[in-house]
Amino acid sequence: MHKLGLRTVGDVLFHFPRRYEDRRNLPPLKNLRAGEFATIRGVIDRVETRPTRGGKVLLKASVTDGTGYCTLVWFNQPWIAKRLQNAEREVIAYGMVRANDMRLEIHAPELEMLDEEEDAEAFARIVPVYGLTEGIPQWLVRKAAASAIEYFLDAVEEPLPKLFREEQDLTGLRWSLRQIHQPETMEEQKKARRRLVFEEFFYLQLVAQMRRLQAKREVGIKFDPAATADPTGLFGDQRQRGIWEEIHSMLPFELTGAQKRVIGEIMADMERPHPMNRLVQGDVGSGKTAVAACAMLLAVRNGYQAAMMAPTEILADQHYINLHRLFDPLGISVQPLSGKLPAQKKRKALQQAESGEARIVVGTHALVQDGVKFQRLGLAVIDEQHRFGVLQRAALRAKGEVQPDVLVMTATPIPRTLTMAVYGDLDLSIIDELPPGRTPIKTHWRRAHEREKVYDGVEKLLAEGRQAYFVCPMIAESDKMQTQAAEDLHYRLSNQVFPNRRVGLLHGQMKATEKEDVMLKFRAHELDILVSTVVIEVGVDVPNASVMVIEDANRFGLAQLHQLRGRVGRGQHQSYCILVGEPTKEESEERLRIMTETTDGFRIAEADLRLRGPGEVAGTKQSGNLDFKIADLIQDSILLEQARGAALHLLERDPELEHPDHSRIATRIRDIRRESALATIS
Ligand code: ADP
Ligand code: MG
């Protein structure tokens with residue numbers, strides 16, 4: 001059982017079935033239909049193996065129950081033939097039924113031999129089906145679970161107090177464990193599952209909320225919004241007045257209501273003598289950089305430094321350019337720091353950060369490396385969090401002498417449930433408004449044979465003085481092939497399609513200085529078209545670029561398409577996003593359709609979560625939190641809300657979980673913390 005990660009009886013009890021089969025009345029084979037999942041029961045009638053042209057083995061076993069036939073098919077799994085050797089064995093098989101000529105087949109079915117099952121008599125019931133790994137038969141896990149229930153269930157202790165369970169309408173743990181493994185009816189199973197899902201969410205929320213509330217009590221920096229470059233003290237009677245005045249004169253535009261609200265929330269945090277841990281979520285183009293700049297201004301005006309960390313060089317450069325433009329007129333020096341800097345410049349950057357000459361330092365993850373020291377770091381801003389881990393957040397925070405305030409910004413909107421699960425330990429601010437004057441991006445999906453028309457449309461926009469992005473097809477195999485694809489597209493566009501236009505190229509294998517050079521040229525409108533791989537995905541901001549053509553768009557994920565599209569629609573011109581693609585799967589067609597229907601990042605995120613699942617959506621680095629045993633973020637979102645409410649409520653009454661009634665909960669929390677600490681170390 002170790003192969004399944006099951007080492008203790010407890011592990012077995014909490015290894016839940018993946019699904020159930022109601023074997024109380026299986027339909028006869030004559031009623032079997034193609035196109036549906038089915039469980040069949042019958043006797044093996046004939047087994048035949050045949051080599052295929054590729055040197056593999058095709059195995060077919062026909063099963064009958066006297067009313068009809070179904071053929072089980074395995075491709076290149078010759079060892080199964082051995083298992084099937086004695087014909088006339090009674091089997092149960094499960095899988096998708098397909099039609100092949102006139103026969104019905106199940107390919108690579110799940111298979112059970114009834115005479116291997118200890119308990120063939122107890123067959124006519126709802127049977128649990130467990131996740132397996134190679135070499136472990138279903139009956140063995142089933143038997144282990146049944147024994148664990150029979151002999152050890154009484155030893156299981158209920159961690160949730162009775163009153164609490166009543167309040168939350170939850171069944172007892174022992175009852176739930178029995179019903180999840182051996183349900184009498186599916187209604188009972190649902191109740192049991194509800195309890196177990198709740199509990200899983202509940203502990204995670206407790207851990208996250210305790211961390212959040214504890215951080216709020218730690219010693220941090222108390223920033224003073226009145227401490228601005230206002231020596232006259234003219235605004236002194238209204239404490240925040242000074243900083244807002246300065247923000248107003250610093251920014252070239254009026255803040256949106258949402259930006260003002262979020263800046264207010266951030267400032268309220270920063271004014272408290274405790275560390276800030278806040279997540280700012282806003283769709284692409286909602287103006288998160290300006291919000292971060294305001295927080296940085298407050299830190300700098302209080303005599304502290306601010307650091308901003310971005311996930312890529314291009315994005316760090318972009319931030320540097322923007323921040324430099326804002327802060328230079330105020331006499332606040334901004335220093336770029338990234339891995340690509342030549343040694344001498346890098347030394348100078350490091351020295352300026354350490355001496356305090358640089359008030360704001362902007363860079364990539366180079367910022368959290370060992371040699372980097374700050375004179376007095378007061379605020380750490382982390383852009384596009386999902387690309388970093390919690391670890392890097394902590395590493396940047398550790399660069400301060402006291403705990404600096406931390407502001408995390410994420411552009412990929414993720415559904416609320418996922419936010420709660422992944423960033424539960426952060427306070428949340430949402431920028432839910434785009435700057436005014438933007439006309440929504442028009443998105444069209446075009447087939448490959450319509451390319452010429454697409455090019456004509458682009459040419460028209462270029463003639464009006466706009467610029468265009470072309471994103472080249474994504475090829476997962478290798479960087480080299482990706483580069484080749486970009487170079488091919490660049491060649492075709494610059495030589496054949498737009499011979500009179502200036503076409504630039506940007507891909508991941510270029511040197512940092514070359515990339516920078518191309519970006520600067522494009523920004524300065526010395527290029528009309530930029531052909532790029534997905535390196536363009538995050539943060540790049542060229543308002544005059546008003547059309548993006550994404551080649552083979554069906555190969556991209558939804559979140560990625562949305563991010564890419566966010567590069568246009570940043571100026572006052574009508575912008576377009578053209579998805580060129582011939583989707584082969586229903587799912588990829590669905591993605592393209594959603595893109596043409598909405599530009600709302602949160603709606604796209606919901607769809608993405610539905611299509612891809614939570615681990616993928618949150619990005620692998622964070623998905624440790626998302627390996628639920630039984631809970632499902634999509635299906636169980638209401639329970640997650642409930643668990644979060646219950647966790648907060650409990651911590652209000654008993655912040656350290658010291659009450660004797662909560663001792664088992666406290667033990668569970670300690671275990672979870674230890675496990676996650678171990679996971680972090682390894
Ligand atoms: P994101 O949230 O995607 O990081 P940015 O901060 O890059 O968005 O902002 C996108 C663009 O919108 C930038 O060109 C920025 O200067 C501009 N912008 C931000 N806030 C406003 C505003 N309140 N009014 C007008 N333009 C704004
Ligand atoms: Mg941004």
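The chain is numbered in sequence order, starting from 1. Order of appearance sets the numbers: ligands from 1, and atoms from 1 within every ligand. When reading the values below, keep in mind they use all heavy atoms of this one structure, side chains included, and skip hydrogens, waters and symmetry mates.
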For [X], take its heavy atoms, then give the atoms of ligand 1 lying under 4.0 Å from any of them.
| X | result |
| --- | --- |
| Asp283 | 2 (O) |
| Arg570 | 3 (O), 7 (O), 10 (C), 11 (C) |
| Thr256 | 23 (N) |
| Leu255 | 23 (N) |
| Glu254 | 22 (C), 23 (N), 24 (N) |
| Ser286 | 2 (O), 8 (O) |
| Thr289 | 4 (O), 5 (P), 6 (O), 7 (O) |

Consider every N or O of Pro435 and every N or O of ligand 1, then say whether any pair is closer than 3.5 Å.
no

Sub-3.5 Å N/O-N/O distance, Gly285 and ligand 1:
yes

Please state whether Pro543 comes within less than 4.0 angstrom of ligand 1, counting heavy atoms only.
no

Report yes or no: does a heavy atom of Gly282 sit under 4.0 Å from some atom of ligand 1?
no

Between Ile430 and Val262 the two heavy atoms that sit nearest each other are O-CG2, 3.6 Å

Heavy-atom closest pair (Arg466 atom, His525 atom, distance to 0.1 Å) is O-NE2, 4.3 Å

Any donor-acceptor pair under 3.5 Å linking the side chain of Asn302 with the backbone of Leu298?
yes

Residues that Arg591 engages under salt bridge (Lys or Arg N to Asp or Glu O under 4.0 Å), provided they are two or more places apart:
Glu587

So does [X] pair up with [Y], basic N to acidic O under 4.0 Å?
| X | Y | answer |
| --- | --- | --- |
| Arg593 | Glu597 | yes |
| Asp328 | Arg325 | no |
| Arg261 | Asp432 | yes |
| Asp425 | Arg212 | no |

